[in-house]
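To start, the structure under review is shown below, and the notes come after it.
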Amino acid sequence: MTRALLLIDIQPDFLPGGALAVGEGDRILKGVAELLNNPGFDVVVATQDWHPADHTSFASNHPGKTPFEVINLYGHSQTLWPDHCVQSTPGARLYPELNWDRVDLILRKGTDRAVDSYSAFRNNFNAEGDRPATGLTGYLQARGVTEVELAGLARDYCVAWSAEDAVSEGFTTDVLWDLTRSVDPSGDRELADHLADLGVTIIRR
Ligand SMILES: [Zn+2]
């Protein structure tokens, strides 16, 4: 069994004080630092939300709309966000207090202005009705990875979508639940049940 650690969007904009702060997001940092020192992972991947300033997920690019409104985009629901993780801004860095030396691959996502990208594996639906792959499945398979463990932010968006896609791509998939936090924690119980139904293992410490 070859194991990969996927660290999702651990960036200042998703941490307290950031542009799209996830409540208690900083509570995961100590545990993530320990994971980065854990020799038990064969491959470590970090994703980095990395948007152009005119990204379609930003409410500021939809006149009259405000953050957290939901619109229809290409036939699917799209939450509009505050501007966040704009390319080359401080908030878009990988959180600088962690030691990222161990990371084998930094995967930037959300770079196409016309489509959002929650999952590490596939963009959200585009105008053609497709979810184009990021290439992560092939990267992991080429290294013999069979199991992935996920931590990071936010639990109910980018971690959840990544876990759903990981299991559908055939990986044994574990979410390190305590090393994630949600934008909307009120849905956590339902989310855990949903992921478990898909075959994702929820690991609580
Ligand atoms: Zn984003």
Side-chain angles (χ1 to χ4, degrees), residues 5-33 35 45-51 55-59 66-71 73 76-86 89-98 106-111 115-125 131 134 136 148-167 173-196 198 200 202-205:
L5 173 65
L6 307 186
L7 296 174
I8 306 297
D9 297 6
I10 304 176
Q11 297 168 257
D13 271 350
F14 294 123
L15 291 162
L20 178 41
V22 177
E24 297 187 351
D26 54 332
R27 300 276 291 274
I28 75 169
L29 295 171
K30 185 164 177 285
V32 169
L35 286 180
V45 177
T47 67
Q48 188 173 23
D49 214 29
W50 193 253
H51 297 309
H55 195 249
T56 192
S57 78
F58 296 168
T66 53
F68 305 103
E69 270 189 71
V70 178
I71 64 166
L73 185 67
H76 298 270
S77 295
Q78 169 71 48
T79 302
L80 296 177
W81 303 108
D83 292 18
H84 66 277
C85 297
V86 175
T89 61
R93 291 174 297 176
L94 294 178
Y95 182 62
E97 304 296 316
L98 289 170
I106 296 170
L107 184 110
R108 287 176 169 167
K109 60 186 183 64
T111 56
V115 62
D116 213 350
S117 188
Y118 294 152
S119 168
F121 292 89
R122 292 181 179 279
N123 289 352
N124 298 13
F125 285 100
R131 293 189 57 208
T134 64
L136 182 57
V148 297
E149 300 197 12
L150 292 96
L153 301 169
R155 177 188 285 156
D156 49 348
Y157 287 93
C158 293
V159 174
W161 283 53
S162 296
E164 290 175 12
D165 285 343
V167 82
T173 305
D174 309 317
V175 172
L176 305 175
W177 195 256
D178 300 319
L179 298 182
T180 66
R181 288 294 186 279
S182 288
V183 171
D184 178 11
S186 72
D188 278 353
R189 179 184 293 260
E190 194 178 346
L191 175 62
D193 290 344
H194 167 69
L195 291 174
L198 295 176
V200 175
I202 305 293
I203 295 179
R204 302 172 198 264
R205 296 196 295 180

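Note that the structure is a prediction, hence the values are computed from the model and not measured.
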For this session: Could you list all the salt bridge (charged side-chain N to carboxylate O under 4.0 Å, His left out) pairs where at least one residue sits in residues 178-187, not counting sequence neighbours?
Result: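 The answer is Glu24-Arg181.
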Return yes if some donor-acceptor pair links the side-chain N/O of [X] with the main-chain N/O of [Y] below 3.5 Å, else return no.
{"X": "Asp26", "Y": "Leu15", "result": "no"}
{"X": "His51", "Y": "Cys85", "result": "no"}
{"X": "Ser162", "Y": "Ala120", "result": "yes"}
{"X": "Glu190", "Y": "Gly187", "result": "no"}

[atom1] of [X] to [atom2] of [Y]: how many Å apart, nearest 0.5 Å?
{"X": "Leu179", "Y": "Leu35", "atom1": "CG", "atom2": "CG", "answer": "5.5 Å"}
{"X": "Ile28", "Y": "Leu7", "atom1": "CD1", "atom2": "CG", "answer": "8.0 Å"}
{"X": "Gln48", "Y": "Ile106", "atom1": "CD", "atom2": "CD1", "answer": "6.5 Å"}
{"X": "Leu107", "Y": "Thr134", "atom1": "CG", "atom2": "OG1", "answer": "5.0 Å"}
{"X": "Glu149", "Y": "Asp174", "atom1": "CD", "atom2": "CG", "answer": "4.5 Å"}
{"X": "Trp177", "Y": "Ile203", "atom1": "CH2", "atom2": "CD1", "answer": "12.5 Å"}

Taking all atoms of both residues into account, what is the closest heavy-atom pair of [X] and [Y], and its distance?
{"X": "Ile8", "Y": "Cys158", "answer": "CG2-CB, 3.6 Å"}
{"X": "Ser182", "Y": "Val22", "answer": "O-CG1, 3.4 Å"}
{"X": "Ser117", "Y": "Gly110", "answer": "CB-N, 3.4 Å"}
{"X": "Ala92", "Y": "Val86", "answer": "CB-O, 3.4 Å"}
{"X": "Val200", "Y": "Ala163", "answer": "CG2-O, 3.9 Å"}
{"X": "Arg93", "Y": "Pro90", "answer": "NE-O, 3.0 Å"}

Notebook entry, point to check: Quick one: which of Asp9, Asp116, Thr47 gives a side chain to side chain donor-acceptor pair (under 3.5 Å) with Lys109?
Noted result: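 With Lys109 as partner, side chain to side chain donor-acceptor pair (under 3.5 Å) holds for just one option, Asp9.
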Report task. Could I get the full list of side chain to side chain donor-acceptor pair (under 3.5 Å) partners for Asn124, not counting sequence neighbours? Result ->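 Residues passing side chain to side chain donor-acceptor pair (under 3.5 Å) with Asn124: none at all.
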- Query: Under the side chain to side chain donor-acceptor pair (under 3.5 Å) test, which residues partner Thr173, sequence neighbours left out?
  - Reply: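 Result, side chain to side chain donor-acceptor pair (under 3.5 Å) vs Thr173: none returned.
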Side-chain heavy atoms of Leu80 within contact of Ile71, under 4.5 Å:
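Yes. Closest side-chain heavy atoms under 4.5 Å.
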- Query: With side chains defined as the heavy atoms from C-beta onward, is the minimum distance between Glu164 and Phe121 less than 4.5 Å?
  - Reply: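 No; the side chains remain at least 4.5 Å from each other.
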Does Leu20 form a side-chain contact (heavy atoms from CB on, under 4.5 Å) with Phe68? I'd like the steps, not just the answer.
CA-CA 10 Å; Leu20 178 41; Phe68 305 103; 3.9 Å; yes
(message) Evaluate Asp13 against Asp83 for side-chain contact (heavy atoms from CB on, under 4.5 Å), listing each step before the verdict.
(response) CA-CA 9 Å; Asp13 271 350; Asp83 292 18; over 6 Å; no
Take Phe14 and Tyr157 through the test side-chain contact (heavy atoms from CB on, under 4.5 Å) and record every step on the way to the result. CA-CA 12 Å; Phe14 294 123; Tyr157 287 93; over 6 Å; no
Decide whether Gln11 and His84 meet the rule of one side-chain donor and one side-chain acceptor closer than 3.5 Å.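 Side chains of Gln11 and His84: no pair found under 3.5 Å.
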**Request:** Taking atom CZ of Arg131 as the centre, report whether more than 12 heavy atoms of other residues, nucleotides or ligands fall under 6.0 Å from it.
**Result:**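 Check passes, neighbour count above 12.
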